[in-house]
Amino acid sequence: MVLALFVCGCTSNRYEDGAWEVAETSATNGEELSRFLEHYKDSGDREKYEAACFLVCNMPGKYSVTDGRPIYDVDVVKADSLVRSLEASFALRESSPYLKDYSFGQFLEYILPYRVANEPLEYGWKEDCPNRFVPEKGMGIKEAADAVNAQIKLDLSPASYGDLPQSYSSLMKNGFGKCDDRTALLVMALRAIGIPSAYEFVPQWGSSNNGHSFVSVILPDGSVYPLQNTDKATGDGYLSRKPTKIYRKMYELQGGGPSGNDSSVPELFRYGDLLDVTSLHRVGFRDVEINVKGNGRKGGLYLAAFLPGGWNPVAESHTGLFKDVSTGTRLDMPEESEAEGLGNGVVYLPVRWNDGRAEAVGNPVIVSDSTVREIIPDTAVCETVRLLRKYPLNARIVNFAKLMVMGRFEGANRADFSDAETIYRILDTPECRMQRAVPDTDKAFRYVRYIRPKGTFSIAELSLYGSDGSPVPFRPMVCEALSEDSLANNVFDSDPLTYYQTGGGIELWVGADMGRPTVVGSIGFAPRNDDNAVNSHDSYELFWWNGGWKSLGVRAASSDTLVYEHVPEHALLWLRDLTRGREERPFTYENGRQVWW
């Protein structure tokens, strides 16, 4: 019995040596780090000392950005602030009803850390969050996490997407931010009441040009309970598109630790803080082996996802074997729920990283549940392609177009439309683009309006054309209910990306006063859309992949279809709009249609 107690009391602290090394080698902040460690070493509390060592040992690489440059925690943290943060977490071990089944190691990683990601350093969130975000007593851990998630009211503004991460106090004051801000805030709120949780993210979708972050509650057995990154109840899954990889931001350093500003390593992999958790989620994945000579730490091998600005590394290997590569399958969602015409799988390009850019070391590969297939163009056989879009048609955009079904266009010669006649009715989902409808009559009208039965009223553009196809000038009109809403002017601004949409319990309308009775040859209109269809006013350039992007020439579109001849069969293609826009995705041309990747 005595021997057993002695062995237990001398349990090794595996972070101790590393913590003191960090403190002793710090050029600017060693005194503060040492004071923090000594405080708990002298306290005689073995667990708190191990926790303090855990924080300092794994602190290298943690940073936030100030005035455009990284400020590393090891250079600025204060002992008193770290003590305050550690004590708040240890208090939860006694008070929180959620922690009883968790190991000390899980506590260290998913409750203890003073920061979540790269947000500006603040320590007061551990005391403040429990006063703001409170689940009802008696709730289980999943129910409590859902309740806290519903209490996080943060406006995810697109205008914030390029901004740096905000501090906790800024988020509380401003009430808006980006997806990553909300993820960090929710992790703070959960950890502050003793719910182990982690910041997880998709570095880039395999079917669009963005990434995504979300929170997973860590359950005692290591499995995850993912939360949607919204306070609203929706029918969407937490993974709305095809993932490439799913990583978890870890406090404990992974692998070889941070590599600093080593330009031979893509930024995603420089900080030693990523744990690949793809296999923990309900997505398809498989191992992929790429046979390239000379794999090593420097200039290692990566799988990259397409971006218009260059291929973006999302998976790393030092052997050529990539583990748990996502196939894009989401087991809880049908593929067609994202967009029309998506291919089966995700396209990756094997690359090395050299001087800050990806260099191809093989052909693009399609990774699907059933196979790994190279995309190899047939330069001996060419075909003619007819292209309609530069980006896949998202289901969300189609749903906007459906809001115009049962809408109608009316003509009248009285301003109050008391003599209105229906001249065109939208019976089927319109195209997600600017289009023209021919009226059912050649009668002359002074006024034309678009009106829809009560419900959601949504339209992006309205224009009129004469019998010869030339634009008809008019003075915009709106119904009385919209007269004070300046956003209704979006319908008349000739910009298909702006729109007017509102819920209504009455019929709403927007219209045109042409000044005198006029025969309308066609009505131009567009539903709310993404403006990614081929536009007859724009110039385009088509590329095909053959070790790099090769141009097939510039074309000025004269209609809603762009035609290119002499395109190598089975090639990976990319259509660029040289006039405007940013959203573009690669595609193959199969059976006369674009298949998107």
Practice item. Search all heavy atoms of Tyr589 against all heavy atoms of Gly592 and return the closest pair with its distance. Key: OH-O, 3.3 Å

Side-chain polar contacts of residues 474-485 - donor-acceptor pairs under 3.5 angstrom, sequence neighbours left out - could you list them?
{"unit_1": "Arg475", "atom_1": "NH2", "unit_2": "Asp513", "atom_2": "OD2", "d": "3.1"}
{"unit_1": "Ser483", "atom_1": "OG", "unit_2": "Glu480", "atom_2": "O", "d": "2.8"}
{"unit_1": "Asp485", "atom_1": "OD1", "unit_2": "Leu487", "atom_2": "N", "d": "3.1"}
{"unit_1": "Asp485", "atom_1": "OD2", "unit_2": "Tyr500", "atom_2": "OH", "d": "2.7"}

Point to revise | Verdict with supporting geometry, Asp146 and Lys142, salt bridge (charged side-chain N to carboxylate O under 4.0 Å, His left out) | key: CA-CA 6 Å; Asp146 286 331; Lys142 294 181 181 179; over 6 Å; no

Practice item. Supply the atom-to-atom distance Thr588 OG1 to Arg593 CZ, rounded to the nearest 0.5 angstrom. Key: 8.5 Å

Review point. Any donor-acceptor pair under 3.5 Å linking the side chain of Thr518 with the backbone of Arg516?
Key: yes

Check your understanding: Think Arg555 forms a cation-pi with Tyr564, using NZ or CZ under 6.0 Å from the six-ring centre and within 45 degrees of its axis?
Key -> yes

Check your understanding: Under the side chain to side chain contact (heavy atoms under 4.5 Å, CB included) criterion, do Val520 and Ile423 qualify, and how do the steps go?
Key -> CA-CA 10 Å; Val520 176; Ile423 58 177; 5.7 Å; no

Check your understanding: So, Glu122 versus Ser169: side-chain donor-acceptor pair below 3.5 Å or not?
Key -> yes

Check your understanding: Does atom CG of Asp468 have more than 12 heavy-atom neighbours from other groups under 6.0 Å away?
Key -> yes

Practice item. State whether the side chain of Gln151 and the backbone N or O of Asn149 hold a donor-acceptor pair below 3.5 Å, judged by distance alone. Key: no

Review point. So do Pro135 and Ile193 actually touch side chain to side chain, heavy atoms under 4.5 Å?
Key: yes

Check your understanding: Is there a donor-acceptor pair closer than 3.5 Å between any side-chain N or O of Lys153 and the backbone N or O of Gly175?
Key -> no

Exercise for review: Sort out for me which residue in Phe543, Tyr540, Trp544, Tyr391 forms a ring pair (Phe, Tyr, Trp, His ring centres under 6.0 Å) with Trp574.
Suggested key: Phe543

Exercise for review: Given salt bridge (charged side-chain N to carboxylate O under 4.0 Å, His left out), test Arg408 with Glu410 step by step and report yes or no.
Suggested key: CA-CA 6 Å; Arg408 63 187 186 274; Glu410 294 179 341; 2.8 Å; yes

Check your understanding: Have Thr244 and Trp205 got a donor and an acceptor in their side chains that come within less than 3.5 Å?
Key -> no

Practice item. Compare every heavy atom of Gly466 with every heavy atom of Val472, then report the nearest pair and how far apart it is. Key: CG2-N, 3.3 Å

Review point. Arg433 side chain to Asp531 main-chain N or O, any donor-acceptor pair under 3.5 Å?
Key: no

Point to revise | Pairwise side-chain contact, Ile426 with Phe525, heavy-atom cut-off 4.5 Å (strictly under) | key: yes

Point to revise | Residues Val398, Glu340; criterion side chain to side chain contact (heavy atoms under 4.5 Å, CB included); working and verdict | key: CA-CA 9 Å; Val398 176; Glu340 296 181 357; 3.7 Å; yes

Exercise for review: Take Val215 and Arg182 through the test side chain to side chain contact (heavy atoms under 4.5 Å, CB included) and record every step on the way to the result.
Suggested key: CA-CA 9 Å; Val215 175; Arg182 192 181 191 282; over 6 Å; no

Point to revise | Steps toward salt bridge (charged side-chain N to carboxylate O under 4.0 Å, His left out) verdict (Arg386, Asp560) | key: CA-CA 10 Å; Arg386 292 171 172 81; Asp560 59 6; over 6 Å; no

Review point. Salt bridge (charged side-chain N to carboxylate O under 4.0 Å, His left out) between Arg286 and Asp369: does it pass, once the steps are laid out?
Key: CA-CA 7 Å; Arg286 64 181 300 148; Asp369 292 331; over 6 Å; no

**Study point:** Plane angle bin for Phe306 and Trp549 - parallel if under 30°, tilted between 30 and 60°, otherwise perpendicular
**Key:** perpendicular

